[in-house]
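What you see below is based on every heavy atom in this structure, not just the backbone, and it leaves out hydrogens, waters and symmetry mates.
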Amino acid sequence: MNPEISDELIEEHGLSKEEYKRIFSILGRDPTITELGIFSVMWSEHASYKNSILQIKTLPRSGEYLLKDAGEENAGVVDIGDGLAVAFKIESHNHPSALEPYQGAATGVGGILRDVFTMGARPIASLNSLRFGSLDNPRVKHLLKGVVKGIADYGNCMGIPTVAGEIYFDDSYEGNPLVNAMTVGILKHENIATAAAYGVGNFVLYVGSSTGRDGIHGATFASVELTEESAEKRTSVQVGDPFMEKLLLEATLDVIKQNLVVGIQDMGAAGLTCSSSEMAAKAGTGVDIDVSLVPKREKGMTPYEVMLSESQERMLLVIEPKNFGKVQEIYEKWDLHVVKIGEVTEDGNLRVRENGIVVADIPAQTLVLGGEAPVYVRETQYPSYLEKAHSFDEKSMNEPKDYNQTLKKLLSSPNIASKNYVYTQYDHMVRINSVVEPGSDAAVVRIKGTNKALAMTTDCNGKYCYLDPYEGAKGAVAEAARNIICSGGKPLAITNCLNFGNPYKKEVYWTFSECIRGMGDACRFFKTPVTGGNVSFYNETVKSAVYPTPTIGMIGILEDVKLATTQYFKDIGDVIILLGKSCNTIGGSEYLAVEYSEIAGHAPKVELEHEQKIQNICYKAIREGLIKSAHDCSEGGLVTALAESCFNPKGLLGANIEMELTHRPDIELFGEAHSRIIVSIEEKNIPSLIKIIKKYNCPYQILGKVAGHRFQIDKLISCDINELYDLWYNAIQRKMETVS
C-alpha cells in the first residue's frame, strides 16, 4: 500500500520542501513511498555530500602515482611499481558507534574492507582513528571498550592485522565519539575492478549475505545530530558477521582475478539503492531489478525496506550473461547467495519491481553525487570563541615549580600515554608481514614477493583545528608525512575522513571550509593527492559540536624494507640530535591542557618549505644508513618525544640532555611546534649528517647522548626511566580499571 505523501512524511525522510519540489519536477508526479525512501537516502548528506562536494572538489584529486582519480571508485588506487598498486580508504562510523559501540565499530571495519577488496585488492592492513570523551566518565569507558572490541573481533576474525592508529580523549567528543576505520590492500594493475554497470543486457547479481531490516535509513541517521530521539533509532545500526565477510572476500577476489566481472560495488550506506543507482549513473546506463528475488532473512519485507536496508556483507555485481555459470559456481563454493536480480538497461533509469510490478522508476543521474543531486554552499561565520582563545597570554602562566612532576603528568595523560590498552587487543602480526608494529611513528608492512614495504599512518589534532582550522588541517597533513618519513617511507597519497558538526551552523561550516583550504594547500605542496574518503557532518550533541577533526590517512613507499626505521633509541652512547627549530609557543599544547586546563592560544603553524627541508634531511639520512632512530615531535613537545624515544620495547634506555635553551624553559620543552624530528646517530656519522643538513640550510641542535636508566635534561629534569615508562605504559589501563 502506498501511503499519502504528506508534509510530515517528507520531513520524517529528512527532505526539505524545496527538495521535494525538485523530486516532483524530476518525476512529473508524486513519488511512491519506495521512491521517497530512495531519494531520502541518496540525497542525505552521508550519500550525496550535498553540503561538501563543491569544497571537496578544490582538493588535489589526481597525481603522478594515482591510477584512479578521487571519487571514481570504491577506494583510491596508487601505483607502487612492478605492476603493483595499493588500494586504500578511510570512512567514519560515528553515530552507529555512539549507540551500539561494538556493532557500530565492527561494521565500520567490515564496510571499509569491502570498499578495498571490491577494487580487486587483498587487504593487508587496517588502521583506525578514534575520539572519545574523558576517561573519568563511565559511559566513555563503556564506549571505548565496545569500540575496541568491535574493531578487534572483526579484524581478527578476518585475519587482517590492525597495525596503526591514533586515539584522543577530550570532552568535546563525550556524547559523539568518532570511529574512523581505514584499510590498505595490494593488487595487480590488471586486476583493478570498476564500480560501473556497463553493457546493456548484462546481468545484475546480488551476492553475499541475506537482507534484513537492520540499518534501514542508516545513511539518513548519519545525517542528523545525535539526540535522545535519534538514540531511539537503534534499528539503524547494522549487525556484522566477519566470518561471512571472509567468505565474500575470497569469492570476490577470485571472480575479479578470473576477469568475470564487468562492475562491482559494495552495498554500504543506502544499501542496494546506492550500489544500483551509482553503478548505473557512472556507466550512463540504467538498471532494472526485482526485489522479490533478493534473499531475505525476515518475512514480509517491503520494497522500501529491501532497497534501504544496510545489512552487511553484500555486494552487487554486473557480469556478462555467458559468465553467470562460472560466477555462480565460485560464490556457491563459498556457501554464498548468488542471485540474478535484474539487468542493465539503456534508458538510464533505476527501475525497481516487486514480482514484476514497478514500484520505483527514477533517472539514476538524479540520485548521485556528481549527477543531479542537490548541491549547496552554506553560509560561514568566523567563530566567536576564537577571539578569546587567541587573546590568551602564554606568559601569564607560571612556570612549573617541579618539571619532573609536569613531565610525569604529561606522560600519564591519555592523549600522550601508550595506547597499548587498545592495540594489544588487535592481532597486528597475523600474516607476519608487520615490520614496524603499533607504537612507533608509522606502521610498516612488507609487500610479499618484493623487497618493498608500505608505511601507513592516521593523524589529526582536533585542538589545533579548533584553534585554527586552516593551520590545523595543514599540520595534520604535515605530521602524517613526517611520520611516514621517520619510518623510512616516501609519502605518496592520502585519504581523509572529515568529521564536523552541523553544516547549517555558520561557525561549523567556516571551520570545515578552512580545513579544506589548509588540507588542499598542504597536499598540493607535498604532492600527496587526496584519493577519496568520507565526510561526516552532524557530529554534535545538544551541548556542542566535536572539535573539527579532518583525519588524514597517509601511505608511503619504502623501496627497500631494510630502510624501515623506528622511533626508539638503540644503543648507549649514540648522539641525540634535533632537526629543526626550537619552540617558542605553547598554544594548543597538551601541556597547556593538562597543567592549566586551557585550550587556548594559537595553533602551531606549518612553514611548508621548512617542513619539507626537515623531512628531506631525515629521508636522505635514513637512505644513507646514517641514523638509528627518528621520531617526530608532536603532542607533549620535545621532552615527551625524547622520553618516548627511550621506551624501546626491547629494553629501556635513558638520555642525558644538555641543550641550549633560547626561550622560556617550559615553552621550549613542552611546546608543540611542527617541523621537528629527533634522531639518534653514532658519533662517527655526525659529519655526514651535518653535511646533509647544511645542504638544506636548516637549523639543528646536538642535544646529548643516549644513556643508561636516567632521563636527565640539564638541571630541570632528572627521573628514573623505569618510573616514567610505568606511568606512560599503564596510564590508560589504570584509568579503565578505576571505578568512577
Report summary line: Those residues at least two apart in sequence (or on a different chain) that pass ring-ring contact (aromatic ring centres under 6.0 Å, His included) with Tyr466 are Tyr385, Tyr547
Ignoring hydrogens and angles, write down the donor-acceptor pairs under 3.5 Å from the side chains of residues 265-276, residues two or more places apart or on other chains.
| unit_1 | atom_1 | unit_2 | atom_2 | d |
| --- | --- | --- | --- | --- |
| Gln265 | NE2 | Glu278 | OE1 | 2.8 |
| Asp266 | OD1 | Arg114 | NE | 2.6 |
| Thr273 | OG1 | Met307 | O | 2.8 |
| Ser275 | OG | Gly271 | O | 3.3 |
| Ser275 | OG | Leu272 | O | 3.3 |
| Ser276 | OG | Leu272 | O | 2.6 |
| Ser276 | OG | Thr273 | O | 3.2 |

Query raised in the report: Do side-chain atoms of Asn496 reach the backbone of Ile552 as a donor and acceptor pair under 3.5 angstrom?
Result: no
Query raised in the report: In terms of side-chain geometry, is the basic nitrogen of Asp136 or Lys735 positioned less than 4.0 Å from the acidic oxygen of its partner?
Result: yes
Query raised in the report: Are Asn128 and Ile151 close enough, and set up right, to give a side chain to side chain contact (heavy atoms under 4.5 Å, CB included), and what steps lead you there?
Result: CA-CA 9 Å; Asn128 52 66; Ile151 292 171; 3.8 Å; yes
Report task. Calculate, to the nearest 0.5 Å, the distance between atoms CG and CG belonging to Leu498 and Asn539 respectively. Result -> 11.0 Å
Query - Heavy-atom donor-acceptor pair, His46 side chain to Val41 backbone, under 3.5 Å - result: no
**Report entry** Donor-acceptor contact below 3.5 Å, side chain Lys448 vs main chain Arg446
**Finding:** no
Query raised in the report: side chain to side chain contact (heavy atoms under 4.5 Å, CB included) between Phe117 and Glu245: does it pass, once the steps are laid out?
Result: CA-CA 11 Å; Phe117 71 73; Glu245 178 119 336; 3.8 Å; yes
Requested in this report: Would you please classify the geometry between the Tyr725 ring and the Phe647 ring as parallel, tilted or perpendicular, with 30° and 60° separating the classes?
Outcome: perpendicular
Query raised in the report: Hey, is NZ on Lys145 packed in by over 12 heavy atoms from elsewhere, all under 6.0 Å?
Result: no
Report task. May I ask you to decide if His337's main-chain N or O and Glu332's side chain share a donor-acceptor pair within less than 3.5 Å? Result -> no
Query raised in the report: Should the pair Asp214-Arg297 be classified as a salt bridge under the 4.0 Å nitrogen-to-oxygen rule?
Result: yes
**Report entry** Check: Asp459 side chain, Ala476 main-chain N or O, donor-acceptor pair, under 3.5 Å
**Finding:** no
Requested in this report: Please identify each residue that fulfils side-chain contact (heavy atoms from CB on, under 4.5 Å) with Ser418, with sequence neighbours left out.
Outcome: Asn420, Tyr423, Trp728, Tyr729
Requested in this report: Report the residues that fulfil side-chain hydrogen bond (donor to acceptor under 3.5 Å, both in side chains) with Asn415, sequence neighbours left out, ordered by chain and then residue number.
Outcome: Glu590
Query - Side-chain (Ser309) to main-chain (Ser311) donor-acceptor, under 3.5 angstrom - result: yes
Query - Gap between atom NZ of Lys409 and atom CD1 of Ile416 - 0.5 Å precision - result: 12.0 Å
Query - Atom pair CG/OG1 of Asp427 and Thr162 - distance to nearest 0.5 Å - result: 8.5 Å
Query - Lys149: side-chain hydrogen bond (donor to acceptor under 3.5 Å, both in side chains) partners, not counting sequence neighbours - result: Asp153
Query raised in the report: Is there side-chain contact between Asn51 and Tyr504, with at least one heavy-atom pair below 4.5 Å?
Result: yes
Report summary line: Ser129 meets the side-chain hydrogen bond (donor to acceptor under 3.5 Å, both in side chains) criterion, sequence neighbours left out, with Arg131, Glu166
Query raised in the report: For Asp441, what residues pass the side-chain hydrogen bond (donor to acceptor under 3.5 Å, both in side chains) criterion, not counting sequence neighbours?
Result: His631
Query raised in the report: Can you name the residues that form a ring-ring contact (aromatic ring centres under 6.0 Å, His included) with Phe512, not counting sequence neighbours?
Result: Phe500, Tyr509, Phe537
Report task. Check for a donor-acceptor pair, side chain of Thr302 on one end and backbone N or O of Glu305 on the other, with a separation under 3.5 Å. Result -> yes
Query raised in the report: Can you tell which of Thr183, Asp115, Asn180 makes a side chain to side chain contact (heavy atoms under 4.5 Å, CB included) with Glu91?
Result: Asp115
**Report entry** Residues forming a salt bridge (Lys or Arg N to Asp or Glu O under 4.0 Å) with Glu298, sequence neighbours excluded
**Finding:** Arg213
Requested in this report: Could you tell me whether Glu250 and Arg122 have a side-chain N and a carboxylate O separated by less than 4.0 Å?
Outcome: yes
Requested in this report: Could you walk me through whether Tyr331 and Val339 pass side chain to side chain contact (heavy atoms under 4.5 Å, CB included), step by step?
Outcome: CA-CA 10 Å; Tyr331 278 100; Val339 180; over 6 Å; no
Query raised in the report: Has the side chain of Ser412 got a donor or acceptor atom that lies under 3.5 Å from a matching backbone atom of Ala731?
Result: no
Requested in this report: Output yes when a side-chain donor or acceptor of Lys141 lies under 3.5 Å from a complementary backbone atom of Thr738, and no otherwise.
Outcome: yes
Query - Partner residues of Leu247 under the side-chain contact (heavy atoms from CB on, under 4.5 Å) criterion, sequence neighbours left out - result: Trp334, Leu336
Report task. Could you please spell out the steps behind the side chain to side chain contact (heavy atoms under 4.5 Å, CB included) verdict for Ile341 and Leu205? Result -> CA-CA 6 Å; Ile341 63 169; Leu205 305 186; over 6 Å; no
Query - Residues in side-chain contact (heavy atoms from CB on, under 4.5 Å) contact with Gln425, at least two apart in sequence or another chain - result: Val148, Ala152, Tyr421
Query raised in the report: So among Leu454, Val116, Ile160, which one has a side chain to side chain contact (heavy atoms under 4.5 Å, CB included) with Ile124?
Result: Leu454
**Report entry** Test log, rule salt bridge (Lys or Arg N to Asp or Glu O under 4.0 Å), inputs Arg139 and Glu174
**Finding:** CA-CA 9 Å; Arg139 171 152 178 77; Glu174 186 165 303; over 6 Å; no
Query raised in the report: Tyr49 side chain to Val535 main-chain N or O, any donor-acceptor pair under 3.5 Å?
Result: yes
Report task. Hey, could you give me the CZ/NE2 distance between Phe132 and His142, rounded to the nearest 0.5 Å? Result -> 10.5 Å
**Report entry** By side-chain contact (heavy atoms from CB on, under 4.5 Å) - contacts of Pro469 (at least two apart)
**Finding:** Trp510, Thr511, Glu514, Cys515
